[in-house]
K.L.:
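Below are the structure tokens for one structure; questions will follow.
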Amino acid sequence: MTSKMMTVDRYAARCVNLVLLVTRIAVPGARSAPRDTGSQPRGSAGMSRGGAPWLAAILMMTAHAASAQQPPRPNETPRAVTLTLAEYNRLIDLAGRPTPAPTTAPVAAVLASSDLRVRVDRDTARGVFTVNGDALRSGVSRVNLISGATLIDASAAGRPLPLVAHGAAHTALIPGPGPFSLTLEWGAPLTFRPGRAAFVLPVPKSGTARATFDIPGDQADVRLSSGLVTRRTAADGRTIVEATLDPGSSVEVSWSMRDSAPTAAARELRTLSEVMTLVTLGDSDVRMVALIDLTVLQGELRTVGVRLPTGYELTGVSGSSLENSEPTDEGLTLTIANPAARSHQFLISLERPHDGGSFNLDTGFVAVRDVQRERGEVAIEGVGTLELDAPEREPLHRIDVRELNRALQSLARLPLLSAFRYQRAAGANPTLAFDVKRFADAGVLAAVADRAVATTLVTSEGRALTEVILTVQNRAQPFLKVSLPQGATMVSVDVAGQPAKPVLGTDGTRVPLLRPGFRPNGPYQVSYVYLHAGTPFDKKGDIEMTLPRMDMPVGIVEWEVFAPERYSMKSIGGNAIETSMMRVSDGSGRGDSSRSFSGPPAGMTEKIVELGVPGQISGVVRDQSGGLLPGVTIEVTSDALTERARTAVSDGNGRFVFMNLPAGRMSVAATLPGFSTARHDFIFDRRPRELIIELTVGSVTETITVSAERPVVDTQNAMRQTIISNDADEPRRRAEPPPIVPPSQNVVELQRRASGVLPVRVDIPRAGTSHQFVKPLVVDQETTVKLRYKRR
């Protein structure tokens with residue numbers, strides 16, 4: 001009955017659709033399905049319009065008669081539906097849309113997981129592989145199962161599984177779609193090497209692969225060429241190993257034959273241990289690191305029992321031969337991965353809190369149980385300023401920190417306060433009492449910049465590209481806070497010759513002073529480049545330039561401004577001083593005629609820019625044209641030196657420095673291929689001295705004398721005198737126009753970097769004039785200069 005009602009419904013629905021199709025001709029604005037109008041005569045169109053009413057009536061009656069053949073359904077009354085023309089047209093459009101093609105899975109089938117169970121008996125390894133997956137397409141699909149395997153049988157749901165072999169690969173024919181589960185029986189012979197047995201296990205190409213190995217004997221050194229051992233148990237003379245393998249690979253499983261064969265009576269285990277302990281007294285905790293060195297004299301070491309001092313919490317255990325570690329009530333048990341090895345090393349880390357400030361502590365040390373002899377060393381270091389009182393206790397004896405084992409010294413990161421050595425007797429537990437008195441930390445500088453060299457290239461549009469190179473001595477300061485001028489953006493940062501990434505903060509830009517793996521123990525360079533969008537130049541006017549404020553004291557700031565050739569400039573203000581206006585008194589009433597910038601004309605007055613320290617010899621190397629020479633080898637020889645000679649290489653600014661030189665007769669030589677060798681001999685009294693070395697082009701064997709030498713700086717006076725030249729020729733020199741100073745090598749290098757290295761687009765001037773300024777001892781302030789310019 002239901003089938004008959006559905007047939008009548010379909011028939012009635014078709015009749016209604018036919019009525020709608022015929023009557024659409026009379027509905028103004030209704031859309032019609034595309035039809036071939038070319039094959040219909042013109043007269044037939046008029047006849048269809050005239051015959052539409054009676055044809056529609058007949059079809060409606062037919063549909064009504066068809067629907068009357070079925071009884072009315074309960075709760076269903078005839079209703080009239082009124083559609084707007086737009087809705088009617090939308091229904092027609094939806095009916096005319098093509099049916100979307102069915103989607104096809106990207107692959108025929110997937111292998112989700114595989115479970116491998118292998119048992120080793122005599123000289124054969126046999127296993128059962130259970131592979132689960134899903135067939136995604138209809139019909140029969142080819143599924144790649146395994147390669148390089150010897151299959152004994154294959155089945156799916158208890159039925160034989162059809163397999164196809166392509167070389168060493170096995171492919172299964174799986175009907176789909178739907179899930180499937182396959183069972184493969186596999187076998188392989190064992191291979192034997194001296195003392196070991198092994199077999200190669202092929203792993204199916206599934207999403208995950210887990211394996212269980214049943215191996216004869218009590219095996220402690222089962223090894224896999226790839227994969228991860230997750231569990232190991234032994235029972236009834238066999239070892240069960242569970243592992244996770246790499247799908248689609250071949251894994252070599254090997255083990256020791258000594259454990260699976262009958263063995264003679266076990267030999268007595270004899271071991272020696274050496275424990276080197278570093279104790280760090282922190283602000284709020286005490287950290288202990290023990291380096292254990294074990295030597296096996298007889299037998300095979302499988303587990304090691306370690307006794308830990310009371311009150312400490314274990315934070316880490318590591319070692320090259322360590323398989324795993326398990327805490328026990330008495331300390332720690334370490335399992336050895338290679339029992340046949342004769343030496344083992346482990347590193348154990350412990351820590352315990354304390355109340356802070358000054359405190360007393362009675363502590364034990366890490367010890368190895370069941371060893372024939374144990375020797376040890378203890379080193380103590382502390383954070384901050386503290387006083388340590390640690391009296392000797394048997395068997396600990398105080399030693400000099402320089403006598404400690406080199407491995408223990410390398411663990412220390414702070415100055416060592418005390419050191420002990422002991423030899424532990426059987427059953428003894430060495431202890432040590434600490435009386436720590438801590439002093440409040442005083443404020444010290446974490447970092448300081450001995451020198452800052454700034455180079456600014458100014459374009460005719462008023463944009464300024466500035467590079468600042470700092471020579472930094474850093475103890476622990478990670479970042480340098482730089483307050484850039486308004487509208488300036490950071491372009492690049494370098495730390496010790498390697499690029500670094502600045503950090504933007506709400507109160508300024510942070511320039512990193514350190515980078516991963518870099519821990520300086522002397523001066524190094526930090527540089528950054530920023531771009532400032534200024535105001536375009538007019539025919540004439542004033543411009544004020546500012547260097548960023550930095551939260552690090554700077555001994556001396558040297559600033560060179562390179563302006564376009566078409567503009568003439570002069571300084572009219574600011575806190576930086578023009579270098580040409582400075583002289584430094586040498587105590588004899590004569591001004592120093594040397595300068596720190598390259599390319600000065602002869603006789604120009606200059607100043608000493610470095611504040612030297614006793615035992616320092618520094619200087620700059622340049623050629624005959626005044627250009628700075630990097631890469632020059634400077635050698636200082638003296639009978640007062642223990643090493644007879646010290647060497648240095650001039651940096652990118654042509655500068656070099658020697659520190660902590662003794663008093664005596666010194667000989668300084670500068671060599672560079674293609675230039676003549678310059679040499680200078682003098683008596684050095686440990687007062688700071690700076691040399692200017694000028695190399696000339698000539699034979700490499702030619703030797704000439706240094707052309708100039710800085711006067712000795714008087715370090716006995718707390719204040720250095722800076723005086724303005726006041727001789728009789730001063731009014732005449734002031735009336736003369738200042739000489740044009742050629743650009744230094746810093747300008748040339750910054751021009752080169754802006755052309756193809758820095759990620760900025762700026763029209764850098766290639767020709768122009770250089771203006772040089774200096775400001776000593778800059779502490780948390782900006783360096784400014786005000787220039788008045790005029791177009792030439």
Side-chain angles (χ1 to χ4, degrees), residues 2-3 6 10 94-121 124-190 198-215 222 224-231 240-253:
T2 304
S3 175
M6 292 176 61
R10 293 195 187 100
L94 292 176
R97 292 184 180 178
T99 303
T103 58
T104 305
V107 294
V110 293
L111 299 180
S113 63
S114 58
D115 187 10
L116 291 68
R117 296 183 177 274
V118 180
R119 180 181 175 88
V120 178
D121 285 312
T124 306
R126 297 189 62 172
V128 177
F129 302 169
T130 302
V131 182
N132 300 315
D134 283 281
L136 306 179
R137 295 179 183 173
S138 301
V140 178
S141 303
R142 301 169 67 96
V143 181
N144 294 327
L145 292 180
I146 200 168
S147 297
T150 302
L151 296 182
I152 302 173
D153 191 14
S155 61
R159 297 180 179 180
L161 177 66
L163 294 177
V164 179
H166 293 280
H170 293 275
T171 302
L173 302 179
I174 307 297
F180 59 85
S181 179
L182 310 179
T183 302
L184 308 177
E185 292 187 17
W186 164 88
L190 300 184
F199 65 90
V200 177
L201 174 67
V203 184
K205 300 178 180 179
S206 57
T208 60
R210 299 186 60 185
T212 302
F213 305 104
D214 187 352
I215 302 173
V222 178
L224 305 180
S225 61
S226 63
L228 178 65
V229 175
T230 58
R231 188 179 180 185
I240 308 299
V241 177
E242 297 179 7
T244 300
L245 307 180
D246 296 334
S249 64
S250 294
V251 181
E252 183 186 48
V253 184

K.L.:
Search all heavy atoms of S114 against all heavy atoms of S206 and return the closest pair with its distance.
P.N.:
OG-OG, 2.8 Å
K.L.:
Going from CG on L201 to OG on S226, what distance comes out if it is rounded to the nearest 0.5 angstrom?
P.N.:
9.5 Å
K.L.:
Can you tell me how far the CZ atom of R117 sits from the CD atom of E242, to the nearest 0.5 Å?
P.N.:
8.0 Å
K.L.:
Is any side-chain heavy atom of P204 less than 4.5 Å from a side-chain heavy atom of L145?
P.N.:
no
K.L.:
First locate atom CD1 of I152, then atom CD of E185, and finally report the distance between them rounded to the nearest 0.5 Å.
P.N.:
6.0 Å
K.L.:
Going from CZ on R159 to OG1 on T183, what distance comes out if it is rounded to the nearest 0.5 angstrom?
P.N.:
14.0 Å
K.L.:
Mind checking what makes ring pair (Phe, Tyr, Trp, His ring centres under 6.0 Å) contact with F213, not counting sequence neighbours?
P.N.:
none
K.L.:
In a table with atom names and distances, give each donor-acceptor pair under 3.5 Å that connects a side chain of residues 166-182 to protein atoms at least two apart or in another chain.
P.N.:
from	atom 1	to	atom 2	distance (Å)
H166	NE2	R142	NH2	2.5
H170	NE2	A149	O	3.3
T171	OG1	N144	OD1	3.1
S181	OG	N132	OD1	2.9

K.L.:
For R137, is the CZ atom crowded, meaning more than 12 foreign heavy atoms sit under 6.0 Å from it?
P.N.:
yes
K.L.:
Specify whether F129 and W186 have parallel, tilted or perpendicular ring planes, treating 30° as the upper limit for parallel and 60° as the lower limit for perpendicular.
P.N.:
parallel
K.L.:
On a heavy-atom basis, which atom in V203 and which in P247 lie closest, and how many Å separate them?
P.N.:
CG1-CA, 3.9 Å
K.L.:
Taking side chain as C-beta onward, heavy atoms only, is V253 less than 4.5 Å from V222?
P.N.:
yes
K.L.:
To the nearest 0.5 Å, how far apart are NZ in K205 and CD1 in I146?
P.N.:
10.0 Å
K.L.:
Mind checking the CZ-OG1 spacing from R231 to T212? Nearest 0.5 Å is all I need.
P.N.:
10.0 Å
K.L.:
If I compare all heavy atoms of T230 with all of A243, which pair ends up nearest, and what's the gap?
P.N.:
OG1-N, 3.9 Å
